[in-house]
Amino acid sequence: MLLSESARVTTAHEAGFRVQYPNSKPRAVKVVALDAGSAKLVDDISKMAWNGAAFFKSLSFEDGALPGTSVKAWLNDLAGHTSDLSAEVASADCVVVLASAGQDVQSAAVISELCNLHHKTLVSLIVPHDGATEDEIDMSLRAMRPYAKMLVIAHGRDYIEAMLTALRA
Amino acid sequence: MLKKEQNELVTQTGPGTPMGELFRCYWQPILLSEELPENDCPPVRVKVLSERLVAFRDSEGKLGLIDEFCAHRGVSLWFGRNEECGLRCPYHGWKFDTTGQCIDVPSEPEESGYAKKIKLKSYPLIEKGGVLWTYMGPPERLPPEPAWEFANVPLENSFTSKRLQENNWLQAMEGGIDSSHVSFLHRGDLNNDPLFKGAAGNKYNLSDSKPVFEVVEAPGGLFIGARRNAEEGHYYWRITPWVMPSFTMVPPRGDHPIHGHFWVPIDDESCTAWSFDYHPVRALSDNERNAMKDGKGIHVKYVPGTYRPLANKDNDYLMNREAQKAGKTFSGVEGIGMQDASLQESMGPICDRTKENLVGTDNGIIMARHRLMRAAKALAEKGTLPPGLEIAHQTVRSAAVILPPDQPYKDAAKEALVAKPGVAQTSV
Ligand code: FES
Ligand SMILES: [Fe+2]
C-alpha cells in the first residue's frame, strides 16, 4: 500500500525538516505592578534576561483629559524614569499587570481603558501572598474581572517567570 | 514557548525520566475490561510509559501485568498459553503467574527450586468502571484506588472508549485544556452531533467566539474557566478541570452525559487517548450508547479489530475539502475526536515547542506545563509526592453555569465542581 502524505510527513525524521527561519518577531510585553507588593516582584524578575520586556513598578496619575481616557497617567520604571502610560500601551503587544491579592487596584481601570482603546490584550496575574485569605483573592478577582482577557491566580514568582518566558517577553 | 530542555522534560516519560517518575505515582488506565473478557482468555500486549508488558486474566480471574518477554530466551509471552493459573511460554514451556513469578521450568527438576529464582517484573492490575488500571511506581507508595467519578458510577451510566493517538501525550492533553479552539475547530459539530446538540449553552459558544479566561489553581491541578456573554449582563461559564498529570474534562451541555479524557503515554511518540462519557444520576439511553459506539461525540470509529481510528494518518484522515469549504466541518475532518487528533498528530511525534508563539489566552496551557515541571522536579529532588493523588483531587467535575458578573466561579460554582454521588451535573 502506498503511504499517504500525512503518514509520510509525520515521522520524527520529517520533523527534522521544519524550516529553520524564525516565525515571529520580538514582541513588546509591558509588565506593570499595580501595588507595592507586586512592585517588589517586578523588581526581582526584571533583573533576569528578557527579550525586550519592559517592567514598571508603579503608576502615577494627574487630572487632565487624554483622548479616549479620563486620566493622564505615567508609568515609573525601575530606574526611576517615567513614561506616558498611553504611549507605552500603544506600543505594546501584550500588557501584563500584577496585583497582590486583597490590594486596591483601581489603576487597573485606567490601563484597561487604554488597552481597549489601542486593542491590546490585557493579562492579569493575581499573586496571593503567603497566608492570603479567600476573601482577599475574591476581592482581587472581582476587581480585575471586568478588565482582563485572561485572569490568573498564580502563587509564587516562578509562575510569573514561566509565563513571561512562554510569551517570549 | 518552552526551551528545548524543558520540552524534553515534559514530553519524556520512560523509566528514570523525571516526568516518567511523576506518571509512575498514579494509577493509569491501560486496557478496557473487554480486552480481557474472561478467565484464560488470550493475553494482550500493552506498552505504557515506554515499557513493554503483557496482560492476562488467569483461570481464577486474577489479573496480571508482567514483562512481555520470557525470562528464558526472550520470546514474547503474547504467544503464551493462558492456562491453569499461569501464562506458559510456547517455546520451552516456562510458566509465569500473575505476579510474574516463574512457576514451572520443565527442563529442571521441580525439587531443584530453579523456578523460584526466576521472576518477571510485574505491576498491579485492577478493574474499575470497565477499565483496567495499573500502578507502575514503588510498592510503598501505592495510592488509593482511582476515585474518578466516571469509573465509580454504575456501569450502565457510563461508556468509555480508547483510541491510539500517534503523537506525544502532552500535545494531546493540551488540547483538552485549550478551551478557545472549540469555537473554531468544532463549531460545525455543536449543533449537529447527537451528543452535543440542543443544549441551551451552545448558542453562547457560537455567538461569542472570543471568550475571556480565568485560570485558578486547584489542589489537584487547575480549573480553567472560559466566560462568554449571556443575557442581561450575566456570564456563561464553561469550567474545565485538569488534574495532574493528564486528566481533563469537557464542560457539560444540557442533560447530555458529561465527558472527558485521560492521556496516557504509550511511549514518547504515541499515547492512548481515553474518552469517557457518563451521567452521574441516570443510565445512558440506548440512543446515547449507540451514538457513542458509532463514534459520535468524543468517540471515534475504528479500523475493525483495532483501537486505531478509522480516519488516520494513512488515509489522510479522510480529509473532505468540500465539507470544509461548505463550513460543515472547520478543518475538513469529521468527528470531534479526530478533528483534535488529526491536528495534534500533524504537529509531529513530539511537538517542537521552541517554535510556538503563545498568547495571553494560552495561560491555561502555560500554567499546566509549569505545574508539571515543578511537580516533576519536586519529586526528583525532594521526593515530594505530586498533586492529584488524593481522593478529593480526583472527585472533580466540569460544569457549565450562568453567573452574575461579580461572582467568582471558583466560589459560586464550588459545589458544581465536586463530584457527588447521586447529584446531577451542573449544566446549561
Ligand atoms: S491557529 Fe492555533 S495552531 Fe494554528
Ligand atoms: Fe477539541
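Everything quoted here is computed from the prediction, not taken from an experiment. By convention in this document, chain letters (A, B, ...) are assigned in the order of the sequence lines, proteins followed by strands, and residues within each chain are numbered from 1.
Heavy-atom distances place the backbone of A:Ala148, and not its side chain, under 4.5 Å from chain B. In this structure, chain A has no heavy atom under 4.5 Å from any part of B:Arg369. For A:Val95, no part lies under 4.5 angstrom from a heavy atom of chain B. When heavy atoms are compared at a cutoff of 4.5 Å, B:Glu345 approaches chain A solely by way of its backbone atoms N, CA, C and O. When heavy atoms are compared at a cutoff of 4.5 Å, B:Leu2 does not approach chain A at all. Contact of A:Thr11 with chain B is made through the backbone alone, with heavy-atom distances under 4.5 Å. In this structure, the portion of B:Pro405 lying under 4.5 Å from any heavy atom of chain A is its backbone and not its side chain. Of the two parts of B:Ser180, neither the backbone nor the side chain holds a non-hydrogen atom closer than 4.5 Å to a non-hydrogen atom of chain A. If you measure heavy-atom distances from A:Ile137 to chain B, the contacts under 4.5 Å come from the side chain alone. Looking at B:Asp411, the atoms closer than 4.5 Å to chain A (heavy atoms on both sides) all sit in the side chain, from C-beta outward. B:Asn167 does not touch chain A: none of its heavy atoms, backbone or side chain, sits under 4.5 Å away. The part of A:Arg27 that comes within reach of chain B is its side chain, from C-beta onward, which places non-hydrogen atoms under 4.5 angstrom from that chain.
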side-chain hydrogen bond (donor to acceptor under 3.5 Å, both in side chains) between A:Thr10 and B:Lys313, intermediate numbers included: CA-CA 8 Å; A:Thr10 48; B:Lys313 56 158 91 169; 3.0 Å; yes
Check against side-chain hydrogen bond (donor to acceptor under 3.5 Å, both in side chains), B:Ser183 and B:Arg228: CA-CA 11 Å; B:Ser183 302; B:Arg228 293 174 171 84; 3.0 Å; yes
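Close approach to chain B, defined as a heavy atom under 4.5 Å from one of its heavy atoms, is seen in A:Leu151, A:Val152, A:Ile153, A:Ala154, A:His155, A:Asp158, A:Tyr159, A:Ala162, A:Met163, A:Thr165, A:Ala166, A:Leu167 of residues 151-167 of chain A, taken by number.
Look at A:Asp138 and B:Lys410 and you find a salt bridge, because one of the NZ, NE, NH1 or NH2 atoms lies within 4.0 Å of a carboxylate O, short of that distance. Under a 4.0 Å N-O distance rule, the pair B:Asp352/B:Lys4 does not qualify as a salt bridge. The existence of a salt bridge linking B:Asp314 and B:Arg308 is confirmed by a sub-4.0 Å separation between a basic side-chain nitrogen and an acidic carboxylate oxygen.
Between the side chains of B:Asn168 and B:Thr11, no donor-acceptor pair of N or O atoms lies under 3.5 Å. Residues B:Tyr236 and B:Glu231 have side chains that never bring a donor and an acceptor to within less than 3.5 angstrom of each other. Looking only at atom types and distance, the side chain of B:Asn7 has a donor-acceptor partner in the side chain of B:Arg353 under 3.5 Å away. With no hydrogens or angles considered, a side-chain donor-acceptor pair links B:Asp316 and A:Ser6 at under 3.5 Å.
Because its NZ or CZ atom is not both nearer than 6.0 Å to the ring centre of B:Tyr307 and within 45° of the ring axis, B:Arg163 does not count as a cation-pi partner of that residue.
For the set B:Arg374, B:Met347, B:Glu166, B:Glu269, the entry with the most heavy-atom pairs within less than 4.5 Å of chain A is B:Arg374. Ranked by heavy-atom pairs under 4.5 Å with chain B, the list A:Ser124, A:Ala12, A:Pro22, A:Ala15 is led by A:Ala12. Of all the listed residues (B:Lys210, B:Met319, B:Met367), the one sharing the greatest number of non-hydrogen pairs under 4.5 Å with chain A is B:Met367. For the set A:Glu5, A:Arg8, A:Glu134, A:Arg145, the entry with the most heavy-atom pairs within less than 4.5 Å of chain B is A:Arg145. No other option in B:Asp362, B:Ile365, B:Leu358 has as many heavy-atom pairs under 4.5 Å with chain A as B:Leu358.
The number of heavy atoms from other shown groups lying within 6.0 Å of NZ (B:Lys355) is above 12. Dense packing is recorded around CD of B:Gln171, with more than 12 heavy atoms of other residues, nucleotides or ligands lying under 6.0 Å away.
A:Lys149 places a side-chain N or O within 3.5 Å of a backbone atom of B:Pro211 that can act as its donor or acceptor partner. Here the side chain of B:Thr248 pairs no donor or acceptor atom with the backbone of B:Ile177 at under 3.5 angstrom.
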